[in-house]
Protein chains: 2
Amino acid sequence: METTRGAERQRTAAEHRRRELLEAADRVVLRDGPQASMNAIAAEAGITKPILYRHFGDKGGLYRALAQRHTDALLSALRAALDAPAHRRERVEATLDTYLAAIEARPQVYRFLMHPADDAAPSPEQGFDVGRHSAPLLRRLGEELGKVIAERVDLGPDGEQTARIWGHGIVGMMHAAGDWWLGDRPCSREQLVRSLADLLWGRLAEVGDLPGGPVF
Amino acid sequence: METTRGAERQRTAAEHRRRELLEAADRVVLRDGPQASMNAIAAEAGITKPILYRHFGDKGGLYRALAQRHTDALLSALRAALDAPAHRRERVEATLDTYLAAIEARPQVYRFLMHPADDAAPSPEQGFDVGRHSAPLLRRLGEELGKVIAERVDLGPDGEQTARIWGHGIVGMMHAAGDWWLGDRPCSREQLVRSLADLLWGRLAEVGDLPGGPVF
DNA sequence: ACCATGCGTTACCTGCGGTAACAACAGTCT
DNA sequence: AGACTGTTGTTACCGCAGGTAACGCATGGT
């Protein structure tokens, strides 16, 4: 019964191949951005399209596999920042800074993760399928952060719901501010981090009106 | 010299035509989502592709024109909420609610605005052009809100910078939370609005730790 | 009468995602 | 050994998208 060992060897070989293909895809995405074509990826890997399709099914499959690697990496970095032994404010600042540093270091990857072209199947369903399309990374980050908040912070009844809302909200804040900052570079990373943390710390509620504002 | 009058009449006719085309495109986008094809739009308008291209240049042009209409509409609604004569907290809640109500009412339009396929030109520039691609609507909203904050709130030195950061951050928060909420519908709109406003009001900084958290 | 201009068409090109259909080679079973 | 099976790779193709060139046809100014 040599089949099992042979099958196993073939399986590990396939996984190895898969990793090679993903690395090639990575290089192309890093170069061409999110609209990298399957042809280009296949060429970079030194093979032709159908092999890619045999390994990943369709473009969405490849992109999902590719995205998961980076998402996992980013998530573990963020978790480290969230888990640091420090006060809450410092942890929040560290998390923001980790995210911003990551997108600053590899903008093309970030761009790919956030805007994976269209991916989603044509989905002839009539119902609103809004949401499934948009950057799975954002969703995952939001859910993850929501879980962490729910675990660590005492929000009373309905706390879990609130924590999820906050998780998605904070991630969205981080993302949009980071996206804008990465484009225009209007200030240093430190200042951006501090301002966002200030926002989360309720400074908006505390500061006074300027003259000429509404009467109330 | 009849040319001027004739030219003028033709110009207004062209503008009229343009509006008709935009309305047809609107209908198709409302039905097919953001991946509406030029062929489909032309068919809906009762004409053929080249006319569309003569009017709007390329797909990006049409989509930009289409987006601006909706963006303007949404922006004016938001401005109304921001300008209401009420306390800051109420204005913030009203703004959040206005946005959420809008995306709830017409998800396909919202989806189109946020993810206009690829739009951006192939841009052979080498430098990172990150940012220009992603939803111009988010940028515009962020800038707009930043301006309003800078006008109304006293943030001391560097206030304008801070206001812009906050503008983009808050808009991103609203957007991500709204996107998630629209997909999963985990709670009522009122609760979402209240939780987000709470977040902006610094509740994250105030609430206590749960037992079992980090030692610090 | 003439011709410039704008609206509209048909027919085409390119490049994409995706899929047959077939060639070559490994190891397996008898 | 030799037939059998499954994996790896190829070429050639389909359908559809965005985009364009070349041509008909009306209209209105000179």
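Each chain gets a letter, A, B and so on, in the order the sequences are listed, and its residues count up from 1.
Note: OH (Tyr53(B)) to P (dA17(D)) measures 11 Å, nearest angstrom. Summarising the geometry, the separation between CD on Glu20(B) and C1' on dC7(C) is reported as 13 Å, rounded to the nearest angstrom. In this entry the distance linking CG of Leu52(B) with C1' of dT10(C) reads 16 Å, nearest Å. At whole-Å resolution of the value, NZ in Lys59(B) and P in dC16(D) are 15 Å apart. Atom-to-atom, CD of Gln35(B) to P of dC16(D) comes out at 15 Å; the value is rounded to the nearest Å. In this entry the distance linking CD1 of Ile51(B) with P of dC25(D) reads 16 Å, nearest Å.
A salt bridge links Arg89(A) to Glu93(A): at least one charged side-chain nitrogen sits closer than 4.0 Å to a carboxylate oxygen. Looking at Arg140(B) and Asp72(B), a side-chain N of the basic residue comes within less than 4.0 Å of a carboxylate O on the acidic one, giving a salt bridge.
The phosphate of dG8(C) has neither OP1 nor OP2 within less than 4.0 Å of any side-chain N or O from Thr48(B). At least one side-chain nitrogen or oxygen of Arg17(A) sits closer than 4.0 Å to the OP1 or OP2 atom of dG9(D).
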For residues 46-53 of chain A, dump all side-chain donor-acceptor pairs below 3.5 Å to protein atoms at least two apart in sequence or in another chain.
none

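In this structure, CG on Leu196(B) lies 12.0 Å from CE on Met173(A), to the nearest 0.5 angstrom. In this structure, CG in Leu82(B) is found 13.0 Å from NZ in Lys147(B), a value given to the nearest 0.5 Å.
Between Pro50(A) and His55(A), the residue whose closest nucleotide on DNA chain D is further toward the 5' end is His55(A). Where Arg54(A) and Asn39(A) meet DNA chain C, the nucleotide closest to each residue was compared, and Asn39(A) sits on the side nearer the 5' end.
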Which protein N or O atoms sit under 3.5 Å from an N or O of nucleotides 23-25 of chain C?
none

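At least one side-chain heavy atom of Trp181(B) sits less than 4.5 Å from a side-chain heavy atom of Arg189(B).
For Ser37(B), the listed nucleotide lying nearest its side chain is dG18(D); candidates were dG18(C), dG17(C), dG18(D).
Residues meeting the side chain to side chain contact (heavy atoms under 4.5 Å, CB included) test with Arg203(A), sequence neighbours left out: Asp198(A), Glu206(A), Val207(A), Leu155(B), Trp166(B).
Counting distance only, with no hydrogens placed and no angle test, the side-chain atoms of Lys49(B) and the base atoms of dG19(D) include a donor-acceptor pair under 3.5 Å.
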